[in-house]
Amino acid sequence: MSDNNSNTMWYDFKDIEAKWQSKWENEKVYSVTEDSSRKKYYVLEMFPYPSGRIHMGHVRNYSIGDVVARYKRMRGFNVLHPMGWDAFGLPAENAAIKNNTHPAKWTYQSIEYMRNQLKQLGLSYDWDREIATCHEKYYHWEQFLFLEMYQKGLVYQKVTKVNWCESCQTVLANEQVIEGACWRCDQQVMMREMNGWFFKITHYAEELLADLESLSGWPEKVLTMQRNWIGKSTGLNCTFKVADSSENIAIFTTRPDTIFGVTFLSLAPEHPLVHKLVAGTEKEEDVMRFVDKVTSLRKVNSREEEPVKEGIFTGKYCVNPFNNEKVPIYVANFVLMEYGTGAVMAVPAHDQRDFEFARKYSLEIRPVIIPEGITLDGSTMEQASSVPGTLVNSGQFNSMHSDDALNAIIEHARSRGFGAAQTTYKLRDWGISRQRFWGAPIPIIYCDKCGVVPVPAEDLPVILPWDTDTPSEKCVPLHMRPSFIETTCPTCNDPARRETDTMDTFVESSWYFARYTCPSFNKGPLDKEKTSYWLGVDQYIGGVEHAILHLLYSRFFTKVLRDLGYLDISEPFTNLLTQGMVIKDGAKMSKSKGNVIDPHNLINEFGADTVRLFSLFAAPPEKDLEWSSQGVEGASRFLNRVFRFIEANSMQLLERTERQTEITGNSRELHRKCHQTIKKVTLDIENNFHFNTAISAIMELFNAMSSLSGNAENSIQNSVLQETVDTILLLLSPMVPHFAAEMWEKCGHTDSIEKRDWPQYDEDAAREELLTIVLQVNGKVRSRVEVQADTDDEQLKEIALSDDKIARFINDSTVKKIIVVQKKLVNIVI
RNA sequence: GCGAGGGUGGCGGAACUGGUAGACGCACUAGACUUAGGAUCUAGCGCCUUAUGGUGUGGGGGUUCGACUCCCCCCUCUCGCACCA
């Protein structure tokens with residue numbers, strides 16, 4: 001308890017933390033069951049990938065979540081707070097190959113180690129609900145869901161160009177390609193034609209977009225990112241006939257109001273019609289050379305910003321169905337095959353890209369929408385005009401306003417049969433096939449006779465080979481394992497082959513939050529009785545890097561699970577807190593920068609409570625946190641000051657006295673501060689989890705108590721001192737649970753602190769009797785006075801005018817006006 | 001380019017619906033206790049100035065008795081999207 005070399009006492013965090021951790025574990029203090037008589041609260045932090053050891057980001061994320069869980073418990077909620085492991089994935093495979101072992105072995109070792117680290121932090125999880133997604137008990141039900149989705153038509157197989165990462169040797173979903181590179185290894189992604197399985201997330205595009213409106217508890221930033229990713233736009237799909245040919249070209253436009261300004265048409269280089277149009281013509285060679293150039297450049301240079309707009313004339317024309325005008329067809333490098341129809345009607349007067357293109361190739365620029373008070377001349381315009389206005393050169397639509405013309409033109413196309421309103425999304429279906437070993441096998445069998453046959457539900461799970469002791473098969477991909485591939489067809493019993501792709505690991509994390517409600521349910525993926533009590537997640541906490549990937553997939557899965565009858569909610573996470581990164585020296589911690597702080601060492605040196613306290617104190621949760629070792633010492637100092645105070649005042653604290661009715665002097669002042677602090681801390685947590693200001697308020701209260709109690713003539717009454725110390729410990733207990741529990745015991749309490757309710761504040765006790773009123777002259781602070789709280793405005797004016805300093809400033813000027821702000825200030829205007 | 005969020009002491013960060021700018025902590029300075037102190041305690045700490053006073057929340061303008069807070073213009077940083085027709 002006391003350091004040999006010093007007379008200063010330090011609390012022994014090692015013993016204390018071990019003591020309380022084992023108590024909590026042995027007594028299963030944080031295990032919960034459904035209880036319809038109590039209000040539930042489900043707080044969840046994004047589960048970790050078992051990479052080996054925890055990092056500061058985990059410490060921060062889980063400390064925040066733990067404060068929420070402990071706080072809500074003290075507010076009387078039945079709190080579900082689970083933890084588990086997102087355990088499939090490539091790092092385990094790489095580590096396994098490197099160490100010549102099985103990914104399972106590596107993964108379970110990591111889990112074991114990290115679980116202990118989390119327990120060392122004193123996090124209040126219900127460990128009975130722990131799940132690891134690589135366990136067959138988990139992916140069994142994922143395969144089951146895959147089959148149910150397959151039956152519903154929400155899973156399908158197709159051959160397409162997919163994103164291929166050569167270094168990871170696997171396909172990536174669109175969401176996993178960041179600036180043309182792999183989200184995991186940052187290698188350039190290639191396009192490659194492959195057969196794969198897809199989840200029909202586009203089926204829910206409209207709902208995924210619309211329901212964002214209901215997520216008022218989500219950060220605006222994340223909502224915006226999802227909105228952009230879904231990328232809805234509405235407009236006209238319209239067919240242009242190729243002149244002197246039977247071919248048609250469909251285009252999509254969001255600006256049908258500009259359709260009379262079309263002066264050419266642009267095709268994507270990959271558009272299937274390109275070759276047909278030029279085949280056998282003198283243009284064939286040049287056009288196809290251009291196509292090759294652009295497509296090969298796209299493969300290599302997808303990170304390149306804004307290449308110059310380029311194109312080539314095909315020699316062919318098509319007809320604008322609105323005015324029967326013939327316009328030339330170009331192939332252009334800026335037209336994307338993946339969006340819309342891969343063909344764009346070009347309106348250079350009103351679209352900047354078309355404008356640049358038209359200038360370059362001397363094509364006509366014909367304004368058809370004239371904004372009020374402006375004249376537009378195609379030959380002299382310097383950029384495209386995209387603002388609304390009145391239509392000209394637009395046949396029967398002339399003089400209409402562009403806003404009205406938009407729908408009128410769509411309707412015209414529809415009634416004449418050459419077009420229709422259309423909604424498009426940027427969102428693509430989710431490709432989930434991965435050519436990797438360490439993932440959930442896709443439960444499909446290929447039979448020469450019967451074709452694609454789903455594995456019958458009763459044959460699930462399709463188990464990933466577990467041969468950890470056979471060195472030759474440790475990490476061999478499934479397609480190279482005959483023992484896995486060879487099977488019999490469930491329909492005809494002939495020899496057949498298993499699908500060897502595994503599922504994207506994001507599939508596991510798309511529904512784990514629901515499985516926590518019934519982690520060992522063995523009759524199906526989810527037990528509706530449990531899910532309907534616990535879901536949705538009241539507070540979800542994690543890094544913003546999952547704003548699109550995981551958070552979009554989970555929303556999609558929730559809707560699917562609802563439609564399959566497993567859930568009665570449409571959105572998984574009612575409130576979302578995206579915590580900032582932990583940085584050091586202004587940069588994200590990384591091995592290459594050498595600025596990594598290992599939580600392990602910190603916990604050994606300062607104790608879990610100190611590490612938790614600092615990570616909560618140094619910044620509000622949504623902002624980045626600059627790690628400072630000196631700051632950690634500050635946090636440690638604070639806890640030790642509280643400890644020494646309790647030691648020094650133990651006589652007074654242990655002698656529990658009746659609460660006195662008359663509280664006066666310093667005691668009154670402390671009592672008031674105490675209740676003001678309860679109020680402040682409660683509001684800081686309730687409003688936006690601003691633990692940093694909550695902690696500083698507790699520090700202020702402690703500082704006030706220390707200095708007031710040192711006053712010999714006017715000492716603090718026992719009951720007030722006891723109440724204040726108790727309050728400080730209760731307020732601190734969600735953040736530094738071991739410390740608070742130990743001090744609570746030290747103060748003579750026989751019950752445990754986590755069973756106590758959160759303190760209530762008393763408005764009367766918190767009310768100020770004396771107020772400091774600021775006296776201003778012309779808005780500048782010149783003096784301050786203390787007055788009784790009930791002093792009225794007139795009295796205040798008098799006090800202000802008779803103040804010495806104020807009088808000096810007024811001097812012989814005339815007072816024009818006096819402004820009195822209740823309980824705050826008096827401003828004299830001269 | 002589009003979208004979102006920022007810019008406050010040496011540093012991390014406070015400041016409710018406009019009303020004491022810089023809470024709390026770190027660092028720093030001086031002192032105390034000490035054989036010693038990187039322990040602890042006391043005091044100080046935006047900048048200029050001798051106290052008085054002046055000045056100050058990225059820059060410029062405005063509204064107001066009063067602006068970190070509201071309005072306009074500009075600069076800058078971070079993040080996300082980026083030829084989406």
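Residue numbers start from 1 in every chain, and the chains themselves are labelled A, B, ... in the order their sequence lines are given, proteins ahead of strands. Values reported hereafter were calculated over all heavy atoms of this structure, with side chains retained and with hydrogens, waters and symmetry mates removed. A quick note: this is a predicted structure, and the numbers were derived from the prediction, not measured.
On the C1' atoms, B:G18 is 49 Å away from B:C33, given to the nearest whole Å.
Side chain of A:Asn333 to main chain of A:Gly311: no donor-acceptor pair is present (N/O by atom type, distance under 3.5 Å, no hydrogens or angles).
With no hydrogens or angles considered, a side-chain donor-acceptor pair links A:Asp684 and A:Thr693 at under 3.5 Å. The closest side-chain donor-acceptor pair between A:Tyr425 and A:Thr202, if any, does not fall under 3.5 angstrom.
Counting heavy atoms from C-beta on, the side chains of A:Met581 and A:Glu545 never come closer than 4.5 Å.
Counting non-hydrogen atoms under 4.0 angstrom, A:Gly634 reaches the backbone sugars and phosphates but no base. When heavy atoms are screened at a 4.0 angstrom cut-off, A:Val781 is found touching the sugar-phosphate backbone but no base atom. Residue A:Val829 is in sugar-phosphate contact alone, with no base atom involved, counting any heavy-atom pair closer than 4.0 Å across all strands shown. Using a 4.0 Å heavy-atom cutoff across all strands shown, A:Arg637 reaches sugar-phosphate atoms only and no base atom.
Note: CD (A:Glu220) to P (B:C2) measures 19 Å, nearest angstrom. The CG atom of A:Leu212 sits 18 Å away from the P atom of B:G3 (whole-angstrom rounding). The CE atom of A:Met225 sits 11 Å away from the C1' atom of B:G3 (whole-angstrom rounding).
Taking every heavy atom of residues 684-699 of chain A and every atom of RNA chain B, pairs under 4.0 Å involve A:Asn692, A:Thr693, A:Ser696, A:Met699, by number.
At a cut-off of 3.5 angstrom, the base of B:C65 holds at least one donor-acceptor pair with the side chain of A:Asn827.
Base orientation of B:G9: syn (glycosidic angle within 90° of 0).
Along RNA chain B, the nucleotide closest to A:Ala619 and the one closest to A:Gly631 are compared, and the more 5′ of them pairs with A:Ala619.
In this structure, A:Tyr553 and A:Trp430 have parallel ring planes: the angle between them is below the 30° cut-off, well short of the 60° mark.
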